[in-house]
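Contents: one structure, followed by commentary.
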Amino acid sequence: MKETEQQKKLKPKAEDRVNELLSDEKRESALSFLSWLQENRMKPGYASTDSWKASYKGKGICYIRLIENNWTVNFTFFDINVIEAYIVKNGLQDFIWNNLYFCRSCHPAPCRKCDKTFFSKEFKGLCGGRPIIHCTNPDTQTMVFIKQLIENMKNDISL
């Protein structure tokens with residue numbers, strides 16, 4: 001049975017796959033983040049092969065993905081304007097700009113490259129038509145920004 005099919009059937013826990021696929025510092029960082037999500041009532045549920053979705057009160061917050069010996073935290077904002085004031089107020093524009101995900105023609109389906117402006121800065125060739133934040137192996141400072149962003153998203157959901 002292919003691993004994809006096996007995972008669909010078994011729906012492994014993120015922590016188990018992190019322990020299997022990541023080494024040392026990356027493993028510790030990913031496990032710490034998964035623990036933080038759980039402590040904050042956002043336990044990630046299986047989404048697809050080596051991918052888990054963290055939600056709060058039924059609303060999607062982020063995805064955790066494992067790719068080879070790397071892990072990512074991905075955000076897909078359907079309406080970034082909802083949190084734009086928070087991002088600007090807390091100086092997170094650079095974080096958003098530095099972690100935008102550009103189209104890499106990574107799948108057989110036709111790509112939906114787009115050009116968008118975020119916080120007065122134009123970006124060409126973004127993936128999917130929505131602002132996708134893609135943080136690979138986030139360092140300590142990036143984790144601070146990720147957690148701030150998540151806390152703000154939770155607050156918006158609670159209103």
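Counting from 1, the numbers follow the sequence of the chain as shown.
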Run the side chain to side chain contact (heavy atoms under 4.5 Å, CB included) test on Phe95 and Cys135 for me, step by step, so that the C-alpha distance in whole Å, both residues' side-chain angles and the decisive distance to 0.1 Å come before the verdict. CA-CA 10 Å; Phe95 169 73; Cys135 305; 3.7 Å; yes
In sequence, state the C-alpha distance, the side-chain angles, and the governing distance for His134 and Asn99, and then conclude on side chain to side chain contact (heavy atoms under 4.5 Å, CB included). CA-CA 5 Å; His134 188 92; Asn99 290 288; 5.8 Å; no
CG of Leu37 to CD1 of Ile150, rounded to nearest 0.5 Å, is 5.5 Å
Check: Trp97 and Phe123 side chains under 4.5 Å, non-hydrogen atoms: yes
Go through Ser35 and Ser32 one step at a time and tell me if the side chain to side chain contact (heavy atoms under 4.5 Å, CB included) criterion holds. CA-CA 5 Å; Ser35 177; Ser32 174; 5.7 Å; no
Verify, without hydrogens or angle tests, whether Gln7 (side chain) and Asp50 (backbone) share a donor-acceptor contact under 3.5 angstrom. yes
Verify side chain to side chain contact (heavy atoms under 4.5 Å, CB included) between Lys8 and Tyr46, making sure each step is shown before the conclusion. CA-CA 9 Å; Lys8 281 182 184 178; Tyr46 180 82; 4.2 Å; yes
Compare every heavy atom of Ser55 with every heavy atom of Gly58, then report the nearest pair and how far apart it is. C-CB, 4.4 Å
Atom OG1 of Thr49 and atom CD1 of Ile67: how far apart are they, to the nearest 0.5 Å? 11.5 Å
For atom CD of Glu68, decide whether the heavy atoms of other residues, nucleotides or ligands shown that lie under 6.0 angstrom number more than 12. no
I'd like to know if the side chain of Asn40 and the backbone of Met42 have a donor-acceptor N/O pair within less than 3.5 Å. no
Hey, what do you get for CZ (Arg65) to NZ (Lys53), rounding to the nearest 0.5 Å? 10.5 Å
Do the side chain of Asn98 and the main chain of Asp94 share a donor and acceptor less than 3.5 angstrom apart? yes
Would a distance-only check, ignoring hydrogens and angles, find a side-chain to backbone donor-acceptor pair under 3.5 Å from Trp52 to Pro12? yes
Out of Val73, Ile87, Asn90, Val144, which one pairs with Leu149 under the side-chain contact (heavy atoms from CB on, under 4.5 Å) rule? Ile87
Under 3.5 Å, side chain of Asn137 to main-chain N/O of Trp71, donor-acceptor pair present? yes
Residue pair Thr136 / Pro138, side-chain heavy-atom distance below 4.5 Å: no
Let me see the working for Lys2 and Glu5 under salt bridge (charged side-chain N to carboxylate O under 4.0 Å, His left out), right down to the final yes or no. CA-CA 5 Å; Lys2 288 183 179 179; Glu5 293 169 8; 5.3 Å; no
Any chance the side chains of Asp139 and Thr142 put a donor and an acceptor closer than 3.5 Å? yes
Is the backbone of Ser23 close enough, under 3.5 Å, to the side chain of Asn69 for a donor and an acceptor to pair up by distance? yes
Can you confirm whether Phe145 is buried at CZ, in the sense that more than 12 heavy atoms of other residues, nucleotides or ligands lie under 6.0 Å from that atom? yes
Got a salt bridge between Glu3 and Arg17, using NZ or NE/NH1/NH2 to carboxylate O under 4.0 Å? yes
Residue pair Ile64 / Ser51, side-chain heavy-atom distance below 4.5 Å: no
Non-hydrogen side-chain atoms of Ser158 and Tyr56 separated by less than 4.5 Å: yes
If we ignore hydrogens and angles and just use 3.5 Å, is the side chain of Asn19 paired with the main-chain N or O of Glu15 as donor and acceptor? yes
Give, for atom NZ of Lys121 and atom CD1 of Ile96, the distance between the pair rounded to the nearest 0.5 Å. 12.5 Å
Result for side-chain contact (heavy atoms from CB on, under 4.5 Å) between Ile133 and one of Ile146, Leu100, Thr72 points to Leu100
ILVMFWY network linking Tyr63 to Ile157, side-chain heavy atoms under 4.5 angstrom: no
I'd like to know if Lys26 and Glu28 make a salt bridge, using a cut-off of under 4.0 Å between side-chain N and carboxylate O. no
Start with the C-alpha distance between Arg27 and Glu25, add both sets of side-chain angles, then the distance that settles salt bridge (charged side-chain N to carboxylate O under 4.0 Å, His left out), and finish with yes or no. CA-CA 5 Å; Arg27 180 187 314 118; Glu25 192 175 310; over 6 Å; no
Is it the case that more than 12 heavy atoms not belonging to Lys13 sit under 6.0 Å from its NZ atom? no
